[in-house]
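So that the names make sense, note that chain A is the first sequence line, chain B the second, and so on, each numbered from 1.
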Protein chains: 2
Amino acid sequence: MTDRKPLRRDARDNAAKLRAAALETFLAQGLDAPLEVIAKHAGVSIGTLYNRFGSREGLIDAVIPDVAGARLQVLAADVLAEPVAKDRLQAFLHGMIDLQIADPALNDAILRRYPDAVALIGICEHTMALGRDLIDEAHREGVLAPDFTADDLLNLLWLAGTAAREPHAPNGWRDTLERALASAWT
Amino acid sequence: MTDRKPLRRDARDNAAKLRAAALETFLAQGLDAPLEVIAKHAGVSIGTLYNRFGSREGLIDAVIPDVAGARLQVLAADVLAEPVAKDRLQAFLHGMIDLQIADPALNDAILRRYPDAVALIGICEHTMALGRDLIDEAHREGVLAPDFTADDLLNLLWLAGTAAREPHAPNGWRDTLERALASAWT
DNA sequence: ACTTAACTTGAGGCATGCCTCAAGATGTGA
DNA sequence: TCACATCTTGAGGCATGCCTCAAGTTAAGT
């Protein structure tokens, strides 16, 4: 299901160069980086990029899920290593916001820009499911107010992601935002 | 200091049509609406728009401060009509977010896009000063935690403004955001 | 060595939106 | 009525960025 007919050697090399350039550029600038920049960076024509990957979404799917998956998995592991439910939830929110700030590409992925980048979607779903679980758990343990729902958590992440994309963001937005969770501990 | 030499009648009429079109368009679409749309809407060429107002900022300043000032003044009056400090602050945040959602132009103004639209800046300063006063007041009365600062309030407004500009915002972001203030009552 | 399918190329067409300026139109005072 | 300063016009140049496709190049099988 992966590659049907083997690529010609030059095509394979170009694809590799494009992947590398795309990865670097996406991570630095976000998933909306101009494709022409990536092609140039790879030392290849824009036409070749389209030949190989078909579309921006194709390129994204070819390059981002690995990295995103890895980073989110690390986060999940860190979170689950926390012994206390409250700390787990806290670590999740904190870690997600860290990622959203540090990694424009992952942030774009989380915010569901590029809904056609199919491979990414699953990964994000998975992470959001973890968030929901943590909320449920906190409710069960009675450490989180029942009116702080999973939707609140998603809203918080959406707000953070949106804020993280702004170049002229004010300094303390992150702390201000995290107050919303802090207000819900019982 | 307003108008030095009287405009020719046709010029005056066109300016009026442009103002009207600009007001309507800005309020509906925000301050970054294409100027060509405004010119067309006014039934006038894009060249005339530039002749009369020089730049987007010129047009903004000619049209928005009045409306923005009026709306913010209404808000200020409503806020100050509240007898209790806590309610005043609450009403301020709530009212500001209402405006930011309902009025893209005012939202742009508050977020300080278009820093060259000089006349707007003063009006916004004035409103932010009110916000700061309300925070101080709440601190003095001891109803607001000291670690919730005026900066937190501005961050909240910035977050709201940023969120309000997103077309695909999730539903409850506003409530989630207001939790951050709710968490700070003593 | 030759053939040919596979691959690459980049100019060029598309769209959006900015802003200008030479040419033409028109209000207005004499 | 007429001259002319004032105004209007919109095509066109700029920039960004998308995507395509006819022509040229090249890997690889015989």
- Message: For residues B:Leu153 and B:Trp185: do they belong to one hydrophobic cluster (side chain heavy atoms under 4.5 Å, members Ile, Leu, Val, Met, Phe, Trp, Tyr)?
- Response: yes
- Message: Quick one, A:Thr176 with B:Asp152, criterion side-chain hydrogen bond (donor to acceptor under 3.5 Å, both in side chains). Give me CA distance, side-chain angles, the key distance, then yes/no.
- Response: CA-CA 6 Å; A:Thr176 303; B:Asp152 282 312; 2.8 Å; yes
- Message: A quick test of your reading: do over 12 heavy atoms of other residues, nucleotides or ligands sit less than 6.0 Å from CG of B:Asp147?
- Response: yes
- Taking everything shown except B:Glu141 itself, do over 12 heavy atoms lie less than 6.0 Å from its CD? yes
- Atom pair distance, as rounded to whole Å: CD in B:Gln29 and C1' in C:dG17: 13 Å
- Message: By nearest heavy atom, map A:Ala15 and B:Tyr50 onto DNA chain C; which one lands nearer the 5' end?
- Response: A:Ala15
- Query: Could you state the CZ-P distance from A:Arg8 to C:dT9, rounded to the nearest angstrom?
  - Reply: 11 Å
- Note on the structure: Regarding the side chain of B:Leu7, the nearest nucleotide among D:dC7, C:dT8, D:dC18 is D:dC7
- Query: Between A:Asp66 and A:Arg71, is there a side-chain N and carboxylate O pair less than 4.0 Å apart?
  - Reply: no
- Message: In whole Å, I'd like the distance from the CG atom of A:Asn14 to the C1' atom of D:dT26.
- Response: 12 Å
- Atom-pair distance (NZ on B:Lys40; C1' on C:dT16), nearest Å: 13 Å
- Rounded to whole Å, CZ of A:Arg52 lies from C1' of D:dT20 at a distance of 16 Å
- Item | Atom pair distance, as rounded to whole Å: CG in B:Leu18 and P in D:dT8 | 9 Å
- Message: Measuring from atom NE2 of A:His126 to atom CG of A:Leu72, what distance do you get when rounded to the nearest 0.5 angstrom?
- Response: 10.0 Å
- Are there more than 12 heavy atoms of other residues, nucleotides or ligands under 6.0 Å from atom NZ of A:Lys40? no
- Quick one: is D:dT9 close enough that its OP1 or OP2 comes under 4.0 Å of any side-chain N or O from B:Thr48? yes
- Note on the structure: Here the distance between atom C1' of D:dT8 and atom CG of B:Asp13, to the nearest Å, is 13 Å
- Item | Side-chain N,O (A:Arg56) to OP1/OP2 (D:dC19) below 4.0 Å | no
- Which parts of residues 30-38 of chain B get close to DNA chain C, meaning a heavy atom less than 4.0 angstrom away? B:Pro34, B:Leu35, B:Glu36
- Query: Given D:dA28, C:dG27, C:dT8, which nucleotide is nearest the side-chain atoms of B:Arg9?
  - Reply: C:dG27
- Item | For atom CZ of B:Phe53 and atom P of D:dC7, their distance in whole Å | 13 Å
- Message: From the set C:dT9, D:dA27, D:dT8, return the single nucleotide nearest to any side-chain atom of A:Val44.
- Response: C:dT9
- Query: Is the backbone of A:Glu82 close enough, under 3.5 Å, to the side chain of A:Arg88 for a donor and an acceptor to pair up by distance?
  - Reply: yes
- Query: Any idea which of C:dT8, D:dC7, D:dT9 is nearest the B:Ala11 side chain?
  - Reply: D:dC7
- Closest listed nucleotide, where the reference is the side chain of B:Ile46 and the choices are C:dC19, C:dA5, D:dT8: C:dC19
- Item | Electrostatic pair A:Asp151:A:Arg132 at N-O distance under 4.0 angstrom | no
- Looking at every strand, decide which applies to B:Asn51 at a 4.0 Å heavy-atom threshold: base, sugar-phosphate, or nothing. base
- Item | Ion pair B:Arg174/B:Asp98, N-O distance below 4.0 Å | yes
- Query: Quick one: bend of the helix from C:dA1-D:dT30 to C:dA30-D:dT1 from 5 pairs per end, to 10°?
  - Reply: 30°
